[in-house]
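Encoded as structure tokens, the structure appears first; notes follow it.
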Amino acid sequence: AEKIRIGILGYGNLGKGVELAIRQNPDMELAAFFTRRAPEALKTQSPDVPVYNVKDAISKKDDIDVMILCGGSATDLPVQSPEYAKYFNIVDSFDTHAKIPEHFANVDASAKEGGHVAFISVGWDPGMFSLQRLIGNCILPNGKDYTFWGRGVSQGHSDAIRRIKGVKDGKQYTVPVPAALEKVRAGENPELTTREKHTRECYVVAEEGADLARIENEIKTMPNYFADYDTTVHFISQEELDRDHSGIPHGGFVIRTGTTGADTKQMIEYSLKLGSNPEFTSSVIVAYARAAYKMAQEGITGAKTVFDVAPTYLSPLSAEEQRKNLL
Ligand code: NDP
């Protein structure tokens, strides 16, 4: 059978993760990279795959079945997703939860205009966690949702630390509070405040002679990012940061607790323990790229989320094989 031809637009953590994930999916092939930078300067791990500037993307539209958009959610995807959904089936990982309705509407209009399928907000949260929340709500309507994140690196919080004067480098871990998790798992249905659910651990490399007490105070009192949490700050050397904190692990738990019948307790728990957040996110994206391809072949158009896909579309197996091996 013909392979699904994938384009990667944007070569950061996710772009690299998608490049690796495609190698584990024999029904797909990586057709091209697209970047806003000078193509010749991009060092990919696929020397045989051409690299183009994004301005040449539209001219390659007949060579790409699904374009995976790997830009950032803050400023790249709000522009890129509606733009490229006119010309390609796309998948993005837009994760600004509050702006998903607006992003969906923008992408939907262009995808319908161009006659393409456009998946938005694919990954783990939003993504696989969202799916678990939806399923949990349907199965246990009389219940309560809990999502815990971590232990894992928050890119946004790490960036916020690095912007403080006197900070050379830093990493932030989001950590679920064990006692809160225990209460939820015990079916106590606790009401948990922000502070009771997660703590924040910061590993900071300070510039020489910097005022450590001031840096620690600025981190702990930073509104939105740290002020509402119990935050610990550890000052370490650059060597220690590079040695012990170079990975991008993440994960978490989606729990639905509820009751059925005469107050019978029921619990659903879905957990992820990810050695690499971007490599996992990319693996989810690639499965949804397959769904985008199959749905486009059936003439479906418009913006879609993980809620809109029947699981059979994600699989490279035939429906018959799926029933035989996995049902
Ligand atoms: P990066 O910052 O690594 O990459 C974003 C873009 O920046 C790239 O597409 C690339 O575009 C450009 N870029 C990357 N590296 C460089 C560089 N060295 N110099 C100049 N430009 C560079 O972001 P991530 O790949 O880590 O994440 C992308 C988005 O994915 C995040 O914003 C996040 O919102 C989302 N995400 C969603 C998840 C989910 O569960 N839904 C989970 C994880 C992430 P170009 O090649 O065009 O220059």
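As the structure lists them, so they are numbered: ligands from 1, and atoms in each ligand from 1.
Interatomic distance, OG1 of Thr305 versus CZ of Phe119, reported as 8.0 Å (0.5 Å rounding). With rounding to the nearest 0.5 Å, the separation of OG1 in Thr35 from CD1 in Ile8 is 11.5 Å.
Nearest protein heavy-atom contact of atom 11 (O) of ligand 1 is Arg36 NH2, 2.9 Å. Given atom 15 (N) of ligand 1, the protein heavy atom at minimum distance is Arg37 NH2, 3.7 Å. Counting protein heavy atoms only, atom 35 (C) of ligand 1 is closest to Ser93 OG, 3.3 Å. Given atom 26 (O) of ligand 1, the protein heavy atom at minimum distance is Asn13 ND2, 2.9 Å. At the top of the distance list for atom 33 (C) of ligand 1, counting protein heavy atoms only, stands Asp95 OD2, 3.4 Å.
Under a 4.0 angstrom heavy-atom cut-off, Leu42 registers as lying outside contact with ligand 1. Under a 4.0 Å heavy-atom criterion, Gly15 is not in contact with ligand 1. Heavy atoms of Pro278 come nearer than 4.0 angstrom to ligand 1 in no pair at all. A heavy-atom separation below 4.0 Å is not found between Gly127 and ligand 1.
Of the candidates Arg200, His157, Arg162, Glu201, Gln172 forms a side chain to side chain donor-acceptor pair (under 3.5 Å) with just one, namely Arg200. Of the options Lys294, Arg5, Arg290, a salt bridge (Lys or Arg N to Asp or Glu O under 4.0 Å) to Asp27 is made by Arg290 and by none of the others.
Here's the thing with Asp76: none of its N/O atoms is less than 3.5 angstrom from an N/O atom of ligand 1. Ligand 1 has an N or O atom lying under 3.5 Å from an N or O atom of Leu14, backbone or side chain. Below 3.5 Å of separation, one finds no N or O of Thr281 facing any N or O of ligand 1. Taking only nitrogen or oxygen atoms, main chain and side chain alike, Leu9 does not reach within less than 3.5 Å of ligand 1. Taking distance alone, with nitrogen or oxygen atoms compared against 3.5 Å, Asn277 stays at or beyond that limit from ligand 1.
A salt bridge links Arg133 with Asp125: the closest approach of a Lys/Arg side-chain nitrogen to an acidic carboxylate oxygen falls below 4.0 angstrom. Ion pairing between Asp159 and Arg163 fails under the 4.0 Å rule for side-chain N and carboxylate O.
Those atoms of ligand 1 with a heavy atom of Gly123 less than 4.0 angstrom away are 39 (C), 40 (O), 41 (N). Listed by number with element, the atoms of ligand 1 under 4.0 angstrom from any heavy atom of Trp124 are 39 (C), 40 (O), 42 (C). Against a heavy-atom cut-off of under 4.0 Å, Thr35 is close to the following atoms of ligand 1: 45 (P), 46 (O), 47 (O), 48 (O). In the vicinity of Val122, heavy-atom distances shorter than 4.0 Å reach the ligand 1 atoms 41 (N).
For atom 28 (C) of ligand 1, the candidate residues are Gly71, Ser73, Gly12; the nearest heavy-atom contact is made by Gly71.
Of the N and O atoms on the side chains of Asp242 and Gln238, at least one donor lies less than 3.5 Å from an acceptor on the other residue. Donor-acceptor pairing under 3.5 Å is recorded for the side chains of Tyr11 and Glu19. There is no side-chain donor-acceptor pair under 3.5 Å between Arg151 and Thr174. No side-chain donor from either of Thr199 and Asp230 sits under 3.5 Å from a side-chain acceptor of the other.
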- Item | ring-ring contact (aromatic ring centres under 6.0 Å, His included) evaluation trace for His245 with Tyr173 | CA-CA 10 Å; His245 303 282; Tyr173 295 87; 5.5 Å; yes
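The presence of a protein heavy atom under 4.0 Å from atom 2 (O) of ligand 1 is ruled out.
Under a 3.5 Å cut-off, the side chain of Asn142 and the backbone N or O of Gly258 do not form any donor-acceptor pair.
Looking at Pro126 against ligand 1, both its backbone and its side chain come within 4.0 Å, counting heavy atoms.
Classified by interplanar angle (parallel below 30°, tilted 30° to 60°, perpendicular above 60°), the ring pair Tyr146/Phe148 is parallel.
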